[in-house]
Asker: 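I'd like to ask you about the structure that follows.
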Amino acid sequence: MTRGNILSSRDDKNDIMKHLIEKAEKLGIKIPHITAEKINAAIKPVLRKMEKAGIRIDVAKLEKLDRKLSKKLIELKKKIEKLAGHSFNVDSPTQMAEVLFNELKLPKADLKKTKSGISTAASELKKIEKKHKIIPPILEHRELAKLISTYLKPLPTLVDEDSRLHTTYGLETSTGRLTSSEPNLQNIPIRGTYGPEIRAAFVASPGMKLISADYSQIELRVVACLAKDGAMIKAFQNNEDIHTRTASEIFDTELSKVTPEQRRAAKTVNFGIVYGQTPYGLSQGLGIPVEKAAEYIMHYFEIHKGVKNYINSMIKMARDEGYVETLFGTKRYLPEIGSSNRYLAEAEERMAINTPVQGTAAEILKLAMIELDRKLTRSVISSGRSPVERSHEISPTSPEARGRNDNPSPRMLLTVHDEIVVEAPAKLANEVAKVIKETMENAVALCVPVRADVGIGDNWAAAK
DNA sequence: TCGTTCACG
DNA sequence: ACGTACGTGAACGAT
């Protein structure tokens, strides 16, 4: 699958390790001596265990919410069809566009086009929200239809005899992130009116708690180090709120005088940077003129010369070498970056900027998971007895022991890009939470502190 | 099977 | 003049 066995000899791998260590040292980062390849090999058994464990679902709760939202959905459909003057398939973008732009003659000039016509995406419909009473119910219908068809209806049918839901994790992504499928448990709603209600249906087993731990701004911390950006490094070392700091920079305001509105805008700028966002994209995101957006970005790069330099050097690297790589050596080839097709070339430029950041963050999370699994499996925090003591009885993780709820040990259940969810006996929850936090924060010694926030609760919503 | 839309980080 | 922020997976309609 890779290269011939003869070429990928052990010496060759040592060379890779040497190269990675040297690169990390130049960035002021001390990495564990391990390559991406080995990280992926080591995470596999951990993922298989998590899949097998599954997470308990409060099926009745989902079904109750389904009944409530399905009823609302019917009313919304009626309302939309009444305003349209006839019944039609509200779920069909084609028919929706016909109703809105041909029958009701709503203005379509400012809206994005798709291959098949005018876009009816929520972000586009919001632009004409004030033009007709039909838009708000359409937006609400969209939201509810999504929740019902993707989560509320399917999930209850997928639980096992213990009401547990088992996903499958995959490793084959272009940046090194994990995927989750059948069902995807990495896109369970959290925002909106009903997001928290759906998350609250992911519950701890009796006598147990869920512990959720997520990295705080891991991607921006990675940027600070990969870019060796002095201003960003200082902000993180001083434990400042990075978005407030950016706001004070781009709006030229004292830290204490940054408004919530300014902080929100700065947050968009910070994330946009990691994606290679253009002034146009930022203007869309913030609802401001392109000129203003360009000004913010320019001002940002005046202060963050390291980030500017990082962007340029990743694009150069991809052009010269044909690929970019993460801290632990996951490569992504970008063959079209020199293409005369500007669309393709610019898309790969953004990948060159984003991949090392997103991929390095993913590797850090995987390292933390591997280490945490080791600690949860072998350490005395499993019910406070030594592994030797426990080895003389039924394994605490065996189905027999779990069935009787006998000395269950803490175990990882889920992971969502910068988050780990663990289930632990209620009595051990505080102790386990500390171990998780400590493991995540020390998985790698970046040039800035790494922080993780931990919460404990009876369900996934309450654990955040 | 593809395109559109939208849920998450 | 053009299109415009990265990475995923799932549901639905159109073909």
Side-chain angles (χ1 to χ4, degrees), chain A residues 88-98 112-125 138-139 141-155 158 167-192 194-195 198-199 214-220 223 268-286 290 293-294 297 311 314 324 330 332 334 341-359 361-362 365 414-420 460:
Chain A
F88 66 105
N89 188 345
V90 181
D91 293 326
S92 160
T94 316
Q95 294 180 40
M96 184 59 77
E98 167 70 20
K112 257 196 207 125
K113 288 189 200 117
T114 67
K115 286 174 186 173
S116 30
I118 310 294
S119 169
T120 68
S123 57
E124 299 305 303
L125 296 186
I138 290 171
L139 293 173
H141 186 278
R142 281 272 172 82
E143 184 188 352
L144 299 192
K146 183 75 178 182
L147 299 182
I148 293 165
S149 71
T150 309
Y151 308 100
L152 298 178
K153 295 276 189 226
L155 295 186
L158 297 172
T167 184
T168 303
Y169 289 105
L171 282 165
E172 317 302 317
T173 61
S174 40
T175 60
R177 270 192 175 183
L178 300 172
T179 59
S180 161
S181 62
E182 292 180 282
N184 183 355
L185 297 187
Q186 291 185 325
N187 70 348
I188 299 302
I190 179 77
R191 308 163 197 162
Y194 305 104
I198 295 177
R199 280 225 175 183
D214 64 292
Y215 276 121
S216 161
Q217 266 118 35
I218 188 67
E219 290 198 353
L220 289 176
V223 170
T268 307
V269 171
N270 276 332
F271 285 116
I273 296 303
V274 186
Y275 301 142
Q277 193 178 42
T278 60
Y280 179 86
L282 183 64
S283 74
Q284 291 290 297
L286 292 178
V290 185
I297 292 173
I311 289 171
M314 284 309 109
V324 291
T330 299
R332 182 173 192 178
L334 299 166
N341 179 335
R342 199 178 129 187
Y343 181 73
L344 283 183
E346 288 180 355
E348 292 203 343
E349 285 180 10
R350 294 190 294 270
M351 294 175 199
I353 298 164
N354 178 263
T355 298
V357 178
Q358 191 182 111
L365 183 80
L414 302 177
T415 178
V416 193
H417 309 309
D418 64 355
E419 176 186 11
I420 299 173
W460 197 1

Asker: Between Glu219(A) and Arg177(A), is the closest basic N to carboxylate O distance under 4.0 Å?
Answerer: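 Judged by the 4.0 Å cut-off on N to carboxylate O distance, Arg177(A) and Glu219(A) do form a salt bridge.
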Asker: Using atom CD of Gln358(A) as one end and atom P of dC6(C) as the other, report the distance to the nearest whole Å.
Answerer: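 After rounding, the reported distance stands at 11 Å.
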Asker: On the nucleotide dC6(B), are OP1 or OP2 found under 4.0 Å from the side-chain N or O atoms that Lys146(A) carries?
Answerer: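 No, outside the criterion.
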Asker: Taking atom C1' in both dA5(C) and dC8(B), what distance in whole Å separates the two?
Answerer: 16 Å
Asker: To the nearest Å, give me how far apart CZ (Phe88(A)) and P (dC12(C)) are.
Answerer: 17 Å
Asker: Quick check on dT5(B): is either OP1 or OP2 less than 4.0 Å from any side-chain nitrogen or oxygen of Thr120(A)?
Answerer: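 Yes, Thr120(A) has a side-chain N/O under 4.0 Å of OP1/OP2 on dT5(B).
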Asker: When you measure from the side-chain N and O atoms of Arg142(A) to the phosphate of dA7(B), is any distance below 4.0 Å, counting only OP1 and OP2?
Answerer: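 No, Arg142(A) has no side-chain N/O under 4.0 Å of OP1/OP2 on dA7(B).
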Asker: Looking at dC12(C), which nucleotide sits across from it as a Watson-Crick or G-U wobble partner, both distances under 3.5 angstrom, or is there none?
Answerer: dG3(B)
Asker: Pick base, sugar-phosphate or nothing for Asn187(A), based on heavy-atom distances below 4.0 Å to the nucleic acid.
Answerer: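 Touches a base.
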Asker: Once you apply a heavy-atom cut-off of 4.0 Å, does Ile188(A) come out as touching a base, just sugar-phosphate, or nothing?
Answerer: sugar-phosphate
Asker: Please classify the nucleic acid contact of Asn89(A) as base, sugar-phosphate, or nothing, using heavy-atom distances under 4.0 Å.
Answerer: sugar-phosphate
Asker: Please determine whether side-chain contact (heavy atoms from CB on, under 4.5 Å) holds for the pair Asp418(A) and Leu365(A), giving the CA-CA distance in whole Å, both sets of side-chain angles, and the decisive distance to 0.1 Å.
Answerer: CA-CA 6 Å; Asp418(A) 64 355; Leu365(A) 183 80; 5.5 Å; no
Asker: NA contact type, Ile353(A), heavy-atom cut-off 4.0 Å: base, sugar-phosphate, or nothing?
Answerer: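 Answer is nothing: Ile353(A) stays at 4.0 Å or more from every strand.
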Asker: Looking only at atom P, what distance separates dT4(B) and dG3(C), rounded to whole Å?
Answerer: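 One P to the other, the span is 13 Å.
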Asker: Could you work out which one of dT4(B), dG13(C), dA5(C) sits closest to the side chain of Phe271(A)?
Answerer: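 Ranking dT4(B), dG13(C), dA5(C) by closest atom to the Phe271(A) side chain puts dA5(C) first.
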Asker: Within the structure, does a side-chain N or O atom of Thr179(A) lie under 4.0 Å from either OP1 or OP2 of dT8(C)?
Answerer: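 Thr179(A) to dT8(C) OP1/OP2: no side-chain N or O under 4.0 Å.
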Asker: Given the rule in the side-chain contact (heavy atoms from CB on, under 4.5 Å) test, do Arg142(A) and Thr120(A) qualify, once you have shown the distances and angles that lead to the verdict?
Answerer: CA-CA 11 Å; Arg142(A) 281 272 172 82; Thr120(A) 68; 2.9 Å; yes
Asker: Can you tell me how far C1' of dA7(B) sits from CZ of Arg199(A), to the nearest Å?
Answerer: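 About 10 Å, once rounded to whole Å.
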Asker: For Ser116(A) and dT4(B), is the shortest distance between a side-chain N/O and OP1 or OP2 below 4.0 Å?
Answerer: yes
Asker: Is a donor on one side and an acceptor on the other found under 3.5 Å between the side chain of Gln186(A) and the backbone of Thr415(A)?
Answerer: yes
Asker: Just how far, in rounded Å, is P of dA7(B) from CG of Leu414(A)?
Answerer: 20 Å
Asker: Whole-Å distance between dG3(C) P and Asn341(A) CG?
Answerer: 12 Å
Asker: Does Thr94(A) reach a base, just sugar-phosphate, or nothing at all? Heavy atoms under 4.0 Å.
Answerer: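 It contacts sugar-phosphate atoms only.
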Asker: dT5(B), OP1 or OP2 - any side-chain N/O from Ser119(A) closer than 4.0 Å?
Answerer: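 Affirmative; the distance criterion is met.
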Asker: Using a heavy-atom cut-off of under 4.0 Å over every strand shown, decide if Glu219(A) touches base, sugar-phosphate, or nothing.
Answerer: nothing
Asker: Classify the nucleic acid contact of Glu419(A) as base, sugar-phosphate or nothing, counting any heavy atom under 4.0 Å across all strands shown.
Answerer: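 Touches nothing.
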Asker: If you pin Ser181(A) and Tyr343(A) to their nearest nucleotides in DNA chain C, which one's is more 5'?
Answerer: Tyr343(A)
Asker: Below 4.0 angstrom from OP1 or OP2 of dG9(B), is there any side-chain N or O of Arg191(A)?
Answerer: yes
Asker: Using only heavy-atom distances, determine whether the side chains of Gln358(A) and Thr175(A) contain a donor-acceptor pair under 3.5 Å.
Answerer: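 On atom types as modelled, these side chains qualify, holding a pair under 3.5 Å.
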Asker: If we only count heavy atoms from C-beta on, is the Thr94(A) to Phe88(A) side-chain gap below 4.5 Å?
Answerer: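 Side chain of Thr94(A) against side chain of Phe88(A), heavy atoms only: no contact under 4.5 Å found.
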Asker: Nearest-Å distance, CD (Glu346(A)) to P (dC6(C))?
Answerer: 11 Å
Asker: Round to a whole Å and report the spacing from CD of Glu143(A) to P of dA11(C).
Answerer: 18 Å
Asker: Ignoring hydrogens and angles, tell me if any N or O in the side chain of Asn354(A) forms a donor-acceptor pair with the backbone of Tyr275(A) under 3.5 Å.
Answerer: no
Asker: So what does Ala362(A) touch, heavy atoms closer than 4.0 Å: a base, only the sugar-phosphate, or nothing?
Answerer: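 Nothing: the residue Ala362(A), judged by heavy atoms under 4.0 Å, touches no strand.
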Asker: When the P atoms of dG3(B) and dT4(C) are compared, how many Å lie between them, rounded to an integer?
Answerer: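 Between the two P atoms, the distance is 15 Å.
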Asker: How about Ile190(A) and Trp460(A): do any of their side-chain heavy atoms sit closer than 4.5 Å?
Answerer: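 Counting from C-beta outward, Ile190(A) and Trp460(A) never come under 4.5 Å.
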Asker: Strictly below 4.0 Å: does Arg342(A) bring a side-chain N or O up to OP1 or OP2 of dG3(C)?
Answerer: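 So the side chain of Arg342(A) is outside the cut-off, no N or O lying under 4.0 Å from OP1 or OP2 of dG3(C).
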Asker: Could you tell me the separation between the NE2 atom of His141(A) and the C1' atom of dC12(C), rounded to a whole number of Å?
Answerer: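 The answer, rounded to whole Å, is 12 Å.
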Asker: Looking at the side chain of Pro189(A), which of dA11(C), dG7(C), dC8(B) is the nearest nucleotide?
Answerer: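 When the side chain of Pro189(A) is considered, dC8(B) is the closest of dA11(C), dG7(C), dC8(B).
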Asker: Is any side-chain nitrogen or oxygen of Ser180(A) closer than 4.0 Å to OP1 or OP2 of dT8(C)?
Answerer: no
Asker: Please state whether the phosphate of dA14(C), meaning OP1 or OP2, lies under 4.0 angstrom from any side-chain nitrogen or oxygen of Gln95(A).
Answerer: yes
Asker: Is Arg177(A) close enough to dT8(C) that one of its side-chain N or O atoms is under 4.0 Å from OP1 or OP2 there?
Answerer: no
